[in-house]
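Just so we're clear, the structure is a prediction, and the values are computed from it rather than from any experiment. Lettering follows sequence order; numbering is per chain, from 1.
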Protein chains: 2
Amino acid sequence: MNFDQADALNEAIRAVGIRHRALAVAALAPMGIHPGHKLLLLELATGPRTQAQLAAASGYEPPSITESVRQLETAGLVVRRPSPTDARATMVELSDQGRSLLPKLKAAWRHVADQTVAGLKTTTVDHVIEVLTDLATGLTSTVAPTNDVPRYRAPRRRRR
Amino acid sequence: MNFDQADALNEAIRAVGIRHRALAVAALAPMGIHPGHKLLLLELATGPRTQAQLAAASGYEPPSITESVRQLETAGLVVRRPSPTDARATMVELSDQGRSLLPKLKAAWRHVADQTVAGLKTTTVDHVIEVLTDLATGLTSTVAPTNDVPRYRAPRRRRR
DNA sequence: TAAAATTACTTAGGCGCCTAATCTTAGGCG
DNA sequence: CGCCTAAGATTAGGCGCCTAAGTAATTTTA
């Protein structure tokens, strides 16, 4: 790939990421949550999860999960309780309030997607989805090449 | 757009952004710089700029530019001097050291792009670039609808 | 030409996500 | 059984970018 192509690609990805995130923040702010929270709430929509499962599903690191779950708990949207089978683990599930937020959440999420593709000139929505999922899939396997642990595992550098 | 489509789109954008950024960080770290710095250095490759011009070109907010330029100056890659024509403005330009870094920087940037598309299965590079630039262009105009000020201008809420 | 508005930059502080390191519990194995 | 390693969660601290708000200089305007 020549430099101009590479630059166009890199810059487009960066710009899309920034703009998309701004849209997501704006759409979710009225509900008092952030883009990272949204991902966890939708994951919890299909049942309780441990924090480790949430980390694996979201791609976020465990400390980020700890913090986000704490925020969601403070907001009254999720409940935490110890796992009955593993004393190390914490189960997280939606509260009634959290569950009742889901419809609005999904609507906001659709709105973000609509805004994202509203300005398309030369391509179609299906096109965009195909390209982006292909790109995302390829990138995920590139960055985290192990098969059974798809999430990125940070290298441990030093141990005291 | 239905919810599954919207979710696929949003998640793909999020995932691509995160992975791509991770690649960029890894590629630029050996040079001691971060993705945001790279953008500024390449912009400066074509000549001196004021910080306001850097903000407009990069899409970053002025305070972020202040901080990044300070870091680049500390690293010896750029030089700052007062504008001869506007006492408010600061001119930023590459130092010799900064200029000599450009080739390595461009190579790293190409490498990031290559890695980004290395895992493609169902689409081609040209395809990806077309879709992403279309998306980026559309999003930019959506988020910042004014014509002559393309960069996102944060709303001022309160003034004391 | 003085007041008002705008522009360039900075300081202060926040937020989301990260890595490093630690604590506790689980589970394999001699 | 008692190790020893791995796994779940957390604390501590860092980084990049943000918004809010302030100062100083310039341009607009009445």
Side-chain angles (χ1 to χ4, degrees), chain A residues 14-15 17-19 21-22 24-26 28-29 32-40 49-56 58-73 80-92 143 148-149 151-160, chain B residues 14-15 17-19 21-22 24-26 28-29 32-40 49-56 58-73 80-92 149 151-160:
Chain A
R14 198 188 59 87
I18 289 176
R19 303 301 185 192
R21 181 175 182 85
V25 167
L28 298 175
I33 64 172
H34 299 279
H37 294 155
K38 177 254 136 210
L39 199 66
L40 303 184
R49 296 284 188 281
T50 66
Q51 295 191 183
Q53 288 174 324
L54 289 177
S58 67
Y60 293 136
E61 298 300 323
S64 304
I65 300 294
T66 294
E67 180 60 20
S68 289
V69 168
R70 187 172 9 231
Q71 291 169 346
L72 289 172
E73 188 180 32
R80 285 152 45 109
R81 53 188 168 75
S83 163
T85 60
D86 187 336
R88 298 168 303 178
T90 303
M91 300 299 301
V92 185
V143 175
D148 49 355
V149 182
R151 108 184 135 88
Y152 174 67
R153 202 69 183 80
R156 289 290 175 103
R157 301 263 172 73
R158 282 186 296 273
R159 183 171 275 276
R160 222 174 252 165
Chain B
R14 198 188 59 87
I18 289 176
R19 303 301 185 194
R21 182 174 183 83
V25 167
L28 298 176
I33 64 171
H34 298 280
H37 293 156
K38 177 254 134 211
L39 198 66
L40 303 184
R49 296 283 188 282
T50 66
Q51 296 190 184
Q53 288 173 325
L54 289 177
S58 67
Y60 293 137
E61 297 299 323
S64 305
I65 300 294
T66 294
E67 179 61 20
S68 288
V69 169
R70 188 174 3 235
Q71 291 168 348
L72 290 173
E73 189 180 32
R80 285 151 46 108
R81 55 189 167 75
S83 163
T85 60
D86 187 334
R88 297 167 304 176
T90 302
M91 300 300 300
V92 185
V149 183
R151 109 183 134 91
Y152 175 67
R153 203 69 182 79
R156 289 290 175 103
R157 302 266 171 71
R158 283 185 296 276
R159 185 170 274 273
R160 225 175 248 161

Is any side-chain N or O of [X] closer than 4.0 Å to OP1 or OP2 of [N]?
X	N	result
A/Gln71	C/dC15	no
A/Gln51	D/dT10	yes
A/Ser64	C/dC18	yes
B/Arg70	C/dT11	yes
A/Arg80	D/dT10	yes
A/Arg49	D/dG8	no

Separation of [X] atom [atom1] from [N] atom [atom2], in whole Å?
X	N	atom1	atom2	result
B/Lys38	D/dC15	NZ	P	22 Å
A/Ile18	D/dC18	CD1	C1'	11 Å
B/Arg19	C/dC17	CZ	P	14 Å
A/Arg21	D/dC17	CZ	C1'	10 Å
A/Leu28	C/dG16	CG	P	12 Å
A/Ile65	D/dG8	CD1	P	13 Å
B/Glu67	C/dT10	CD	C1'	11 Å
B/Arg81	C/dC9	CZ	P	13 Å

>> Given a 3.5 Å cut-off on both pairing distances, which stems involving DNA chain C, each at least three consecutive Watson-Crick or G-U pairs, are present, if any?
In response: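 Detected stem regions: C:1-30 with D:1-30.
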> B/Met91 versus B/Arg49: any side-chain heavy-atom pair under 4.5 Å?
Replying inline: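 Of all side-chain heavy-atom pairs linking B/Arg49 with B/Met91, none is under 4.5 Å.
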> Is the side chain of B/Gln53 donor-acceptor paired with the backbone N or O of B/Thr50 at a distance under 3.5 Å, no angle test?
Replying inline: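 The answer is yes, because a donor-acceptor pair under 3.5 Å joins these two groups.
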> Does any N or O donor sit under 3.5 Å from an N or O acceptor when you compare the side chain of B/Arg88 with the base of D/dA24?
Replying inline: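 Absent.
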[X] and [Y]: which non-hydrogen atoms are nearest, and at how many Å?
X	Y	answer
A/Arg14	B/Ser58	NH2-O, 3.1 Å
A/Leu40	A/Ser68	CD1-CB, 3.7 Å
B/Ile33	B/Leu72	CG2-CD2, 4.4 Å

> At what distance, to the nearest 0.5 angstrom, does OH of A/Tyr60 lie from CD1 of B/Ile18?
Replying inline: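 With rounding to 0.5 Å, OH (A/Tyr60) is 5.0 Å from CD1 (B/Ile18).
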>> Just verifying a value: how many Å separate A/Glu67 CD and A/His37 NE2, rounded to the nearest 0.5 Å?
In response: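 Interatomic distance, A/Glu67 CD to A/His37 NE2, rounded to 0.5 Å: 7.5 Å.
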Please tell me which of the listed nucleotides, [options], lies nearest to the side chain of [X]?
X	options	answer
B/Tyr60	D/dC18, C/dC17, C/dA26	D/dC18
B/Thr66	D/dT19, D/dC17, C/dT11	C/dT11
B/Pro63	C/dT19, D/dT19, D/dC17	D/dT19
B/Glu61	C/dC9, C/dC15, D/dC18	D/dC18
B/Pro62	C/dC9, C/dC17, D/dA25	C/dC9

> Can you name the side-chain contact (heavy atoms from CB on, under 4.5 Å) partners of A/Arg80, sequence neighbours left out?
Replying inline: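 So A/Arg80 forms a side-chain contact (heavy atoms from CB on, under 4.5 Å) with A/Gln51, A/Val69, A/Glu73, A/Thr90, A/Val92.
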